[in-house]
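Reminder, nothing fancy here: chain letters follow the sequence lines and each chain counts from 1.
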Amino acid sequence: MASEPNQPKDRTHVFQPPKGTRDFYPLELARRRWIEDKWRKTAVRHGFDEIDGPTFEHLDLYTVKSGEGIVSELFSFTRQGGDKQYALRPEFTPTLARMAAARANSLPKPTKWFSICPYFRAENPQRGRLREFLQWNVDVIGDDSPQADADCIATCAGLLESVGLTPAQVKLKVSSRTAVAELIRAAGVPQDYTDAALVLLDKRAKLDRDEFCKQAATIQLDIAAFDRKAGDLASVASIESLQALIKNIGLTDWCGIDLSIVRGLAYYTGAVFEVHETTGAERAIAGGGRYDNLIELFGGPPTPAVGFAMGDVVLALVLQDKGLMPKDDEIAADLGLRPDVFVIPTTETEHLMQPLVARLRREGLHARHTYKSTRNVGKLLKEAGNANARFALILESDTVCSLKNLDTNEQTDSVPMSEALERIAPPPRPG
RNA sequence: GCGAUCGUAGCUCAGUUGGUUAGAGCACCAGGUUGUGAUCCUGGGGGUCGGGGGUUCGAGUCCCCUCGAUCGCCCCA
């Protein structure tokens, strides 16, 4: 198709990344990989298998659950000349429910799945919210026991611990929709208004007192009675069993019962939880709960399920707030990206550099060399240090070199090449 | 979708009531010091001043529009 050459080009639009998206240069990508690595290892350690699905789905998949109103929050599109409507996925749960429904008869019980993938939402970016972001989804399918709830909670807490957070810094607030619904009924709300009451309670912290009371009155919610009951947790049966489970798996430091957590979404049916920074400085780090009706809604047999999601944006902000994001060279070491050896030639041996590097790489070492023209050893050692290499190999002849351990400053002068290679290998295998 | 603040080199920023060829530090590249990560010295490459339009003899600077960022509202799977 011919382009229009004469129109003024909106070059800003073309050459800047789209609103709410990120470019990942090597350092940024390393930090992202570090988070993904923590997510993946934590999930695997807790017995979950990794899955993924399409990055875009039929638009209907999202409107079935959330209604047409969701469309304005989606990036949706049709093919040129086609009429099927698609949308970039804004969340994983519909895909998960679809996948689980498709194989419902052959899946083991419970089925424990996790995923790490990008999501897209057409919202205005602000702190902790972008239009493209990563999310870690962890779900237990086909198990309606509180044990499955606890499995999710333990995995979530395990992640918090593995990135260096402490119970003083973050809190995993556990609640139960069924318990809160009981309290709502006990506080005078008619059955028909239960959902409205849950929505109102979800907004409670954001509303001022008068406005909240006013709205509570319209659904006959007796706030004083509700708070009195909520204060007496032991009276609520489903809370009691949750508390027992948390204690049983040793997570009392991390978790607390907090009945103000009800989650905004209508599809949660039982336990719900959120992770918050204790100072309240950032938005929720993670959230989830039990959704026993959803898989049936997507064409599967009635199947209980529970899960949660954690996004990369807020997690990274919290880690930065707390000074817990490791230094870039520590991340590189963690991910196994450190060069094993950096080869430094002299004027006499520069023709030997390329063959040696090729040989080192054939032997499985991560080998780098200088591209500079200077043969000043001091400058090249600095370059080796900047590359974060474990060893610098100063090439003296085709059979002799000096090997300097860049971490300890120990140097072996003029040793046979074979001895140097033995000292370099084997590379450490990270975690 | 709405509002506020902001946008000059890769990064942090300076740039006078509008006035010559837009600067500094760090980073990067190269050279110097007899081959050991420092410090230092010298030189260099880098900028459509986010983009477009307007006012003016003259715009990084003033005006309008637009794109983006940050923070908030709505929403938050």
Just call it for A:Ile394: base, sugar-phosphate, or nothing, with non-hydrogen atoms closer than 4.0 Å on any strand. base
Are A:Ser373 and B:rG31 close enough that a side-chain N or O sits under 4.0 Å from OP1 or OP2? yes
Give a yes or no on whether a donor-acceptor pair under 3.5 Å exists between the nucleobase atoms of B:rC71, that is its base, and the side chain of A:Arg129. no
Which part of the nucleic acid, if any, lies within reach of A:Glu348 when heavy atoms closer than 4.0 Å are counted: base, sugar-phosphate only, or nothing? nothing
A:His46 atom NE2, neighbour heavy-atom count above 12 within 6.0 Å: yes
Nearest whole angstrom, please: distance from the P of B:rG32 to the CG of A:Leu380. 12 Å
SB check A:Glu91 A:Arg121 (cutoff 4.0 Å): no
Complementary nucleotide of B:rC6, counting Watson-Crick and G-U pairs under 3.5 Å: B:rG68
How do A:Val377 and A:Thr21 order along RNA chain B: which one's closest nucleotide is nearer the 5' end? A:Val377
Between the protein and nucleotides 1-5 of chain B, list every N/O to N/O distance that falls short of 3.5 Å.
| from | atom 1 | to | atom 2 | distance (Å) |
| --- | --- | --- | --- | --- |
| B:rC2 | N4 | A:Asn124 | ND2 | 2.5 |

What is the distance, to the nearest angstrom, from the NZ atom on A:Lys19 to the C1' atom on B:rG68? 8 Å
Between A:Pro345 and A:Leu395, which heavy-atom pair has the shortest distance, and what is it? CA-CB, 4.2 Å
A:Asp144/A:Lys109 salt bridge by N-O under 4.0 Å criterion: no
Which value, in whole Å, describes the distance between the C1' atoms of nucleotides B:rG23 and B:rG15? 7 Å
What does A:Gly20 touch in the nucleic acid at a heavy-atom separation under 4.0 angstrom: a base, only the sugar-phosphate, or nothing? sugar-phosphate
Across the strands shown, which category fits A:Asp202 at heavy-atom distances under 4.0 angstrom: base, sugar-phosphate, nothing? nothing
Quote, to the nearest angstrom, the P distance that separates B:rG51 from B:rU8. 10 Å
Can you tell me, in whole Å, how much space there is between the P of B:rG54 and that of B:rA69? 28 Å
Rounded interatomic separation in angstrom, taking CZ from A:Phe391 and P from B:rG37: 18 Å
Under a 4.0 Å N-O cut-off, is there an ion pair linking A:Glu57 with A:Arg98? yes
Across the strands shown, which category fits A:Ser72 at heavy-atom distances under 4.0 angstrom: base, sugar-phosphate, nothing? nothing
Interatomic distance, A:Glu383 CD vs B:rG37 P [rounded to whole Å]: 15 Å
Using the C1' atoms only, state how far B:rA30 lies from B:rU70, rounded to an integer number of Å. 39 Å
With respect to the side chain of A:Glu91, which nucleotide from B:rA77, B:rU36, B:rG72 is positioned closest? B:rA77
Which part of the nucleic acid does A:Ile70 contact within heavy-atom distance under 4.0 Å: base, sugar-phosphate only, or nothing? base
Distance criterion of 3.5 Å, no angle test: do you see the side chain of A:Asn376 paired donor-to-acceptor with the base of B:rU33? yes
What I want to check is whether an N or O donor and acceptor connect the side chain of A:Lys404 with the base of B:rG37 at under 3.5 Å. yes
A:Phe212, CZ: over 12 other non-hydrogen atoms inside 6.0 angstrom: yes
Listed nucleotide nearest any side-chain atom of A:Arg263, set B:rG50, B:rA77, B:rG32: B:rA77
Please report, rounded to the nearest Å, how far the C1' atom of B:rU36 is from the CD1 atom of A:Ile344. 8 Å
Any strand: nucleotide that pairs with B:rG35 via Watson-Crick or wobble, under 3.5 Å: none
Among the nucleotides B:rU36, B:rG31, B:rC71, which one has an atom lying closest to any side-chain atom of A:Gln411? B:rU36
To the side chain of A:Arg283, which of B:rG35, B:rC76, B:rU36 is closest? B:rC76
Whole-angstrom distance between B:rU61 and B:rG50, as gauged at atom C1': 16 Å
Taking the six-membered ring of A:Tyr119, is the NZ or CZ of A:Arg89 close enough (under 6.0 Å from the centre) and on axis enough (within 45°)? yes
When you check the gap from the basic side-chain N to the acidic O, do A:Arg290 and A:Asp149 get nearer than 4.0 Å? yes
OP1 or OP2 of B:rA30 sitting under 4.0 Å from any side-chain N/O of A:Lys372? yes
Rounded to whole Å, CD of A:Glu28 lies from P of B:rC11 at a distance of 11 Å
In terms of side-chain geometry, is the basic nitrogen of A:Glu123 or A:Arg131 positioned less than 4.0 Å from the acidic oxygen of its partner? no
Distance, P atom - from B:rC26 to B:rU42, rounded to whole angstrom: 12 Å
Report yes or no: is the cationic atom of A:Arg32 (NZ for Lys, CZ for Arg) under 6.0 Å from the centre of the six-membered ring of A:Phe24, at an angle within 45° of the ring normal? yes
Take the protein atom CD of A:Gln16 and the nucleotide atom C1' of B:rA69, then report the distance between them rounded to whole Å. 9 Å
Out of B:rA69, B:rG72, B:rA77, which nucleotide sits closest to the side chain of A:Tyr267? B:rA77
What is the separation between atom CG on A:Leu406 and atom C1' on B:rU36, rounded to the nearest whole Å? 10 Å
If the threshold is 4.0 Å, N to carboxylate O, is there a salt bridge linking A:Asp312 and A:Arg22? yes
Taking a pair to mean Watson-Crick or G-U wobble geometry with both distances below 3.5 Å, B:rU12 pairs with B:rA24
Using atom P of each nucleotide, how far apart are B:rG60 and B:rU21 to the nearest Å? 10 Å
Roughly how many Å apart are B:rA27 and B:rU12, using the P atom of each and rounding to a whole number? 15 Å
Can you tell me the pairing partner of B:rG1 across any strand shown, Watson-Crick or G-U wobble, with both distances under 3.5 angstrom? B:rC73
Specify the residue among A:Gly128 and A:Pro90 whose closest nucleotide of RNA chain B lies further upstream toward the 5′ end. A:Gly128
